[in-house]
Amino acid sequence: MAHCVIRDWQGKEAGKADLDLKVAKTSSATDLVHRAVVRQLAHARQGTASTLTRAEVAGGGRKPYKQKGTGRARQGSIRTPLRPGGGVVFGPKPRSYNLAMNRKERRLALRTALMSRVEDITVVKGFGTGLETPKTKEVSAALARFGIEAGAKVLVILDNASEAVRKSVRNLEKVKLIAADQLNVFDLLNASKLVVSEEALAKIQEVYGDG
């Protein structure tokens with residue numbers, strides 16, 4: 001079980017919160033989390049690169065010139081890979097980069113990654129309080145009040161974020177907003193700091209705390 005300090009919108013301490021998630025054994029944690037990250041990045045690849053083989057290139061139904069008497073090397077088709085505009089030998093074709101990892105392992109990797117970042121988590125009570133319209137400057141000032149340095153990569157985890165909050169965060173280049181039930185290993189590890197609303201922390205415990 002990990003203990004996190006709760007802060008209000010002004011950055012003042014407002015209590016403590018517990019986060020209790022089952023994690024992988026120390027001996028297998030690194031490998032498990034690494035496989036989860038590799039899998040996520042692989043799934044992000046489109047795999048749509050494609051080239052034409054000589055069988056797919058248009059034209060080439062007859063010899064480009066006669067077999068003998070020209071002094072040139074013999075050619076049977078303009079579709080040969082040896083000519084510009086011809087087919088490509090062993091070129092890329094559409095493929096899937098998906099890697100297999102069962103649901104139990106994925107969830108365990110996610111919990112392990114999250115619990116490894118406990119020291120970088122700031123739990124906020126009433127995130128975005130008073131933001132009725134988008135105000136990027138106010139969110140930026142709040143992050144500073146939470147002790148987060150300017151320019152740091154921040155992952156903000158909320159449950160049912162308001163439109164004003166979403167638009168405010170969207171304008172901050174190094175800040176990413178994600179829903180509490182849509183966590184992923186890469187974002188958890190890629191951020192320097194994690195800002196979690198009190199409601200999102202409860203949601204995380206509810207969604208991912210089943211072991």
Side-chain angles (χ1 to χ4, degrees), residues 1-2 4-5 17-49 92 94-124 127-128 136 139-140 142-143 146-162 165-211:
M1 179 181 292
C4 306
V5 175
D18 296 327
L19 183 60
D20 187 16
L21 298 175
K22 181 180 178 182
V23 300
K25 296 179 181 178
T26 305
S27 58
S28 60
T30 301
D31 175 68
L32 182 69
V33 173
H34 176 263
R35 285 196 292 118
V37 172
V38 171
R39 174 183 176 275
Q40 183 178 338
L41 295 178
H43 284 206
R45 299 181 67 175
Q46 291 184 325
T48 56
R95 56 165 291 188
S96 171
Y97 288 95
N98 291 357
L99 299 175
M101 190 174 188
N102 65 51
R103 182 176 183 272
K104 187 175 181 180
E105 284 186 315
R106 295 198 305 268
R107 290 175 68 85
L108 182 58
L110 185 65
R111 292 194 298 268
T112 303
L114 179 58
M115 293 299 286
S116 72
R117 303 302 310 277
V118 165
E119 294 183 358
D120 299 313
I121 294 178
T122 299
V123 181
V124 180
F127 188 95
T136 301
V139 173
S140 183
L143 295 178
F146 301 152
I148 298 175
E149 297 180 1
K153 286 185 178 180
V154 182
L155 181 65
V156 179
I157 306 173
L158 302 179
D159 184 33
N160 296 324
S162 66
V165 170
R166 281 199 296 268
K167 289 185 176 180
S168 298
V169 173
R170 185 174 62 188
N171 291 330
L172 294 170
E173 183 182 0
K174 294 295 184 69
V175 181
K176 182 174 182 177
L177 174 63
I178 193 171
D181 57 354
Q182 299 293 324
L183 299 182
N184 64 82
V185 177
F186 179 79
D187 282 337
L188 289 175
L189 299 179
N190 188 48
S192 301
K193 298 290 183 179
L194 280 65
V195 175
V196 186
S197 70
E198 198 173 20
E199 297 80 9
L201 192 69
K203 187 74 171 182
I204 290 171
Q205 190 69 57
E206 174 190 342
V207 174
Y208 303 103
D210 58 359

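Computation of the quantities below employed the complete heavy-atom set of this structure, encompassing side-chain atoms and omitting hydrogens, waters and symmetry-equivalent molecules.
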Taking only residues two or more places apart in sequence or in another chain, which ones pass side-chain hydrogen bond (donor to acceptor under 3.5 Å, both in side chains) with [X]?
{"X": "Asp181", "result": "none"}
{"X": "Asp159", "result": "none"}
{"X": "Asp18", "result": "His3"}
{"X": "Glu198", "result": "none"}

### Query
Any side-chain heavy-atom pair from Leu21 and Ile204 closer than 4.5 angstrom?
yes

### Message
I'd like to check Thr122 versus Lys193 (side-chain heavy atoms, cut-off strictly below 4.5 Å). Are they in contact?
### Response
no

### Axial cation check for Tyr208 ring with Arg111, 6.0 Å and 45° limits
no

Considering all heavy atoms of both residues, which atom of [X] and which atom of [Y] are nearest to each other, and what is their separation?
{"X": "Leu189", "Y": "Ala113", "result": "CD2-CB, 4.0 Å"}
{"X": "Leu108", "Y": "Ala24", "result": "CD1-N, 3.6 Å"}
{"X": "Ala161", "Y": "Leu158", "result": "CB-CD1, 3.7 Å"}
{"X": "Ala29", "Y": "Thr112", "result": "CB-CG2, 4.0 Å"}
{"X": "Leu201", "Y": "Val196", "result": "N-CG1, 3.7 Å"}

### Donor-acceptor under 3.5 Å (Thr136 side chain, Ser168 main chain)
yes

### Query
Are the side chain of Arg117 and the backbone N or O of Leu188 linked by a donor-acceptor pair below 3.5 Å?
yes

### Counterpart residues, side chain to side chain contact (heavy atoms under 4.5 Å, CB included), relative to Ala202 (two or more places apart)
none

### Message
Taking side chain to side chain contact (heavy atoms under 4.5 Å, CB included) as the definition, give me every residue that meets it alongside His43, ordered by chain and number, with sequence neighbours left out.
### Response
Arg39, Asn98

### Message
A quick test of your reading: do over 12 heavy atoms of other residues, nucleotides or ligands sit less than 6.0 Å from CZ of Arg166?
### Response
yes

Rounded to the nearest 0.5 Å, what separation is found between the [atom1] atom of [X] and the [atom2] atom of [Y]?
{"X": "Leu114", "Y": "Leu194", "atom1": "CG", "atom2": "CG", "value": "7.0 Å"}
{"X": "Ile148", "Y": "Ser140", "atom1": "CD1", "atom2": "OG", "value": "10.0 Å"}
{"X": "Lys174", "Y": "Lys153", "atom1": "NZ", "atom2": "NZ", "value": "6.5 Å"}

